Number of protein chains: 2
Amino acid sequence: MPKVGMEPIRRQQLIKATMEAIDEVGLAEATVIQIARRAGVSAGIISHYFGGKNGLLEATMRQILTDLNNAVAARRKALEDDTPRAHIGAIIEGNFDRTQVTGPAAKTWLAFWASSMHKPLLQRLQYVNDRRLYANLCYQFQRVMPRRDAKNAAHGLAAMIDGLWLRGALAPEGLDAAEARYLAHTYLDQLLRHHGCHQSASTTPTY
Amino acid sequence: MPKVGMEPIRRQQLIKATMEAIDEVGLAEATVIQIARRAGVSAGIISHYFGGKNGLLEATMRQILTDLNNAVAARRKALEDDTPRAHIGAIIEGNFDRTQVTGPAAKTWLAFWASSMHKPLLQRLQYVNDRRLYANLCYQFQRVMPRRDAKNAAHGLAAMIDGLWLRGALAPEGLDAAEARYLAHTYLDQLLRHHGCHQSASTTPTY
DNA sequence: TTTTATTGATTGAACGTTCAATAAAAAAAT
DNA sequence: ATTTTTTTATTGAACGTTCAATCAATAAAA
């Protein structure tokens with residue numbers, strides 16, 4: 001089986017297996033043997049490619065954050081109009097992307113978020129990512145409202161998005177993505193309505 | 001030191017020590033020895049009073065949920081007017097009670113929430129509690145809007161509250177309770193504004 | 001033949017639980 | 001009021017288990 005150039009393949013396999021393991025049995029019981037078995041490899045290979053279990057967990061969190069950013073960035077690039085409403089709407093849509101919200105990614109995301117409270121490295125990853133999202137929201141809101149209001153709006157919308165994620169990850173029936181998007185977009189409309197930017201919500205399709 | 005009637009004292013000491021341990025080092029590293037040392041007792045006593053570590057963790061989660069419910073119930077009982085706006089406002093205030101939002105309780109709450117994803121017993125506790133909050137919100141919203149709208153409003157406000165908690169527990173500077181309450185109350189006002197119930201937000205003091 | 005990839009038994013550390021021993025208070029007996 | 005007995009509370013060393021990491025051995029490709 002050993003061929004050359006296995007590294008990127010194995011890394012992807014192991015990261016995927018890590019998400020699946022966390023999704024099914026939780027972070028606490030996701031042992032290296034569990035993960036390795038899911039990936040169809042030996043346990044020792046994890047230390048070989050990631051330097052240890054911690055390295056694998058860090059890489060997995062990076063993957064999730066990258067995927068989330070890509071989902072947002074892709075939708076923002078595809079925008080036809082440059083209004084704040086459109087940009088922020090795209091951020092909402094990216095955050096409730098199907099590939100993010102269903103399957104292993106959702107529970108893994110929450111598990112890492114909780115875990116990052118006491119692991120400086122994960123905390124830094126999460127913090128940097130969160131600040132970028134917040135800065136983007138703030139910038140777009142500031143185009144149509146004063147700075148103070150924009151900050152509040154950004155905090156509120158970020159909390160709404162995270163809250164919907166959180167409850168979706170915990171609900172036995174999973175997240176109702178359609179309802180989550182509706183609630184987030186409606187909230188966004190309400191935030192904008194008070195500042196004279198009556199861009200219609202109908203620029204965002206199907207929710 | 002052994003006197004009679006130690007049980008309730010020790011139980012309280014250990015539950016408090018558990019929250020402190022989770023707050024400082026996280027659930028994963030909160031060992032029985034850690035917790036026992038903080039409480040100033042031996043490790044064996046945990047099994048004696050709680051039947052094991054799991055029993056202690058369950059009791060700690062029950063305590064947090066009970067405290068949260070009490071904070072809400074107290075504010076609802078103290079209400080002078082019976083409007084939906086007042087009741088839901090009291091629910092918001094209870095959720096951002098100082099004793100809940102600062103100190104060890106916040107991080108412990110999030111840690112258990114994440115942990116409950118894969119522990120049926122904790123999941124059940126969290127689920128029952130969440131349904132009660134949701135049912136209360138739904139009932140109050142239904143007094144001033146149709147059933148469908150009320151359900152959406154309840155989901156949205158619950159997500160907002162949880163999202164603010166979540167971000168507060170993770171933020172390095174902790175939760176800004178004043179801002180969180182402002183955002184939640186403002187969102188509530190917006191939800192009610194569309195249904196002809198123009199009860200002023202000023203019935204709720206100081207935010 | 002050399003290089004690269006992989007295995008899996010072994011090791012050592014850490015954890016929760018157990019339980020015989022202990023010590024203090026309470027109750028009973030003198 | 002002492003002393004003795006019983007009860008209750010607590011300890012902490014020992015035990016068995018589980019886990020991540022290691023590394024010599026192995027096997028396939030180059």
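Numbers restart at 1 for each chain; the letters A, B, ... are given by sequence-line order, proteins then strands. Everything numeric in this text was worked out from a predicted model, so none of it was measured. Note that these values count all heavy atoms, side chains included, but never hydrogens, waters or copies made by symmetry.
- No hydrogens or angles considered: nothing links the side chains of A/Q140 and A/N136 as a donor-acceptor pair under 3.5 Å.
- What separates CD of A/E7 from P of C/dA5 is a distance of 8 Å, to the nearest Å.
- In this structure, B/L14 atom CG and D/dA9 atom C1' are separated by 13 Å, rounded to whole Å.
- Shown here for B/G89 and B/L188, the closest heavy-atom pair between the two residues is N-CD2, 3.9 Å.
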| remark: Here DNA chain D, pairs taken as Watson-Crick or G-U under 3.5 Å and shown with ( ), [ ] when crossing and | when to another strand, reads ||||||||||||||||||||||||||||||
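- Open room surrounds CD1 on A/I33; 12 or fewer heavy atoms of other groups in view lie less than 6.0 Å from it.
- Note: CZ (A/R37) to P (C/dG8) measures 11 Å, nearest angstrom.
- Take B/H155 and apply the ring pair (Phe, Tyr, Trp, His ring centres under 6.0 Å) test, not counting sequence neighbours, and it matches B/Y134.
- Among A/M19, A/Q13, A/E20, the single residue meeting the side chain to side chain contact (heavy atoms under 4.5 Å, CB included) criterion with A/K16 is A/E20.
- Residue A/M6 contributes atom CE, which lies 10 Å from atom P of D/dA30 at whole-angstrom precision.
- Set against C/dT7, D/dT22, D/dT10, the side chain of A/V41 has C/dT7 as its closest nucleotide.
- A donor-acceptor contact shorter than 3.5 Å is absent between the side chain of B/H185 and the backbone of B/E93.
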List every contact pair, protein side and nucleotides 12-19 of chain D side both N or O, where the distance is under 3.5 Å.
residue : atom : partner : partner atom : Å
D/dG12  : N7   : B/S42   : OG           : 3.0

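- With rounding to whole Å, A/H48 atom NE2 is found 12 Å from D/dT22 atom P.
- Legend: residues meeting ring pair (Phe, Tyr, Trp, His ring centres under 6.0 Å) with A/F141, ordered by chain and number and at least two apart, are absent.
- Between B/Y49 atom OH and D/dT11 atom C1' there is a gap of 13 Å when expressed in whole angstrom units.
- One interatomic measurement links the two molecules: CD1 of A/I35 to P of D/dA21, which rounds to 11 Å at whole-angstrom precision.
- Residues B/F96 and B/L164 form a side-chain contact, since some pair of their non-hydrogen atoms from C-beta on lies under 4.5 Å apart.
- In this entry the distance linking CD1 of A/I9 with P of D/dA29 reads 13 Å, nearest Å.
- In this structure a side-chain-to-backbone donor-acceptor pair under 3.5 Å is present from A/N95 to A/I91.
- In this structure, A/R148 has no side chain to side chain contact (heavy atoms under 4.5 Å, CB included) partners at least two apart in sequence or on a different chain.
- Sorted by residue number, the list of members of residues 57-64 of chain A with any non-hydrogen atom under 4.0 Å from DNA chain C is empty.
- When atom types are taken as modelled, the side chain of A/S42 and the backbone of A/I45 share no donor-acceptor pair closer than 3.5 angstrom.
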